[in-house]
Visitor: 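My questions all concern the structure below.
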Amino acid sequence: VQLVESGGGSVQAGGSLRLSCTASGPRFSNWFMGWFRQAPGKERELVARINWSGSNTHYENFAEGRFTISRDNAKNTLYLQMDSLRPEDTSVYYCVADSYATSSDWRDYTYWGQGTQVTVSS
């Protein structure tokens, strides 16, 4: 499974970005997927995750109400819509996948993209 993120960039506080993650490999629709982020000097942290069908999602507290995770299995693509961005959202964002993962622990996710930088200025 290969994961390729896109959509990162620089925005001002209060702005929006939409990240995409295109997956190649078999049976994308069977994979649990998510987004992690890591800022310099900080721990890698879960942003949101989604089950194989998109019927179940989970957001960390800082993302709840501002970010929306979704997927299009017909296009093998995962999305993260980020609204009301804050300077503290500045991080490298990673797309992740696993055959089954319902935790917030990055070690439970087998496949990772290369990451895309998101920078939010005040």
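Not measured: the values here are computed from a predicted model.
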Visitor: Run the side-chain contact (heavy atoms from CB on, under 4.5 Å) test on M33 and C95 for me, step by step, so that the C-alpha distance in whole Å, both residues' side-chain angles and the decisive distance to 0.1 Å come before the verdict.
Guide: CA-CA 7 Å; M33 302 199 69; C95 172; 3.8 Å; yes
Visitor: Can M82 be reached from F62 by stepping across I, L, V, M, F, W or Y side chains whose heavy atoms are under 4.5 Å apart?
Guide: yes
Visitor: Measure from the side-chain N and O atoms of D98 to the backbone N and O of T110, and report whether any donor-acceptor pair falls under 3.5 Å.
Guide: yes
Visitor: Is V11 reachable from L80 through a run of I, L, V, M, F, W or Y residues, each pair having side-chain heavy atoms under 4.5 Å apart?
Guide: yes
Visitor: Roughly how far, to the nearest 0.5 Å, is the OG1 atom of T102 from the CZ atom of R49?
Guide: 5.5 Å
Visitor: Answer yes or no for R18 and Y79: cation-pi contact, defined as NZ/CZ to six-membered ring centre under 6.0 Å and angle to ring axis within 45°.
Guide: yes
Visitor: Flag yes if Y93 and Y59 sit in one hydrophobic cluster, no otherwise; membership is Ile, Leu, Val, Met, Phe, Trp, Tyr, and two members link when side-chain heavy atoms are under 4.5 Å apart.
Guide: yes
Visitor: Return yes when atom CD of Q2 has more than 12 non-hydrogen atoms of other residues, nucleotides or ligands closer than 6.0 Å, and no otherwise.
Guide: no
Visitor: Would you name the heavy atoms of W35 and L46 that are closest together and state the gap between them?
Guide: O-CD1, 3.6 Å
Visitor: Think R71 forms a cation-pi with W31, using NZ or CZ under 6.0 Å from the six-ring centre and within 45 degrees of its axis?
Guide: no
Visitor: Check for me, please, whether W112 and V1 land in the same ILVMFWY cluster - side-chain distances under 4.5 Å, paths through other members count.
Guide: no
Visitor: Could you tell me which non-hydrogen atom of G34 sits nearest to which non-hydrogen atom of I69, and how far apart they are?
Guide: CA-CD1, 4.1 Å
Visitor: Can you check whether R66 reaches S84 side chain to side chain, under 4.5 Å on heavy atoms?
Guide: yes
Visitor: May I have the step-by-step check of ring pair (Phe, Tyr, Trp, His ring centres under 6.0 Å) for W52 and F28, ending in yes or no?
Guide: CA-CA 8 Å; W52 64 273; F28 171 84; over 10 Å; no
Visitor: Quick one: do the T77 and D72 side chains pair a donor with an acceptor below 3.5 Å?
Guide: no
Visitor: For N56, does its backbone N or O pair with a side-chain atom of N51 as donor and acceptor, under 3.5 Å?
Guide: yes
Visitor: Could you check T116, V92, D89, V118 and say which one makes a side-chain contact (heavy atoms from CB on, under 4.5 Å) with R37?
Guide: D89
Visitor: Give the minimum heavy-atom separation between G115 and E5, together with the two atoms involved.
Guide: N-OE1, 2.9 Å
Visitor: For a side-chain contact (heavy atoms from CB on, under 4.5 Å) check, start with the C-alpha distance between T90 and Q117, then their side-chain angles and the critical distance, and finish with the verdict.
Guide: CA-CA 8 Å; T90 296; Q117 177 69 47; 3.9 Å; yes
Visitor: Given the rule that I, L, V, M, F, W and Y join up when any side-chain heavy atoms are under 4.5 Å apart, are I50 and F67 in one cluster?
Guide: yes
Visitor: Show the nearest heavy-atom pair for residues S16 and D83, with the distance to one decimal.
Guide: OG-OD1, 2.7 Å
Visitor: Checking side-chain contact (heavy atoms from CB on, under 4.5 Å) between Q12 and each of S122, S121, P87, which is the one that passes?
Guide: S121
Visitor: Fit a plane to each ring of F36 and Y109, take the angle between them on a 0 to 90° scale, and name the class: parallel (under 30°), tilted (30 to 60°) or perpendicular (over 60°).
Guide: perpendicular
Visitor: Tell me the closest heavy-atom pair linking V47 and A63, and the distance in Å.
Guide: O-CB, 3.8 Å
Visitor: Heavy atoms only: give me the nearest L3-C21 pair and the separation to one decimal.
Guide: CB-SG, 3.8 Å
Visitor: Is there a side-chain contact between H58 and E60, using heavy atoms and a 4.5 Å cut-off?
Guide: yes
Visitor: Which distance, rounded to the nearest 0.5 Å, do you find between the OG of S104 and the CD of E45?
Guide: 10.0 Å
Visitor: Measuring from atom CG of L78 to atom OG1 of T22, what distance do you get when rounded to the nearest 0.5 angstrom?
Guide: 9.5 Å
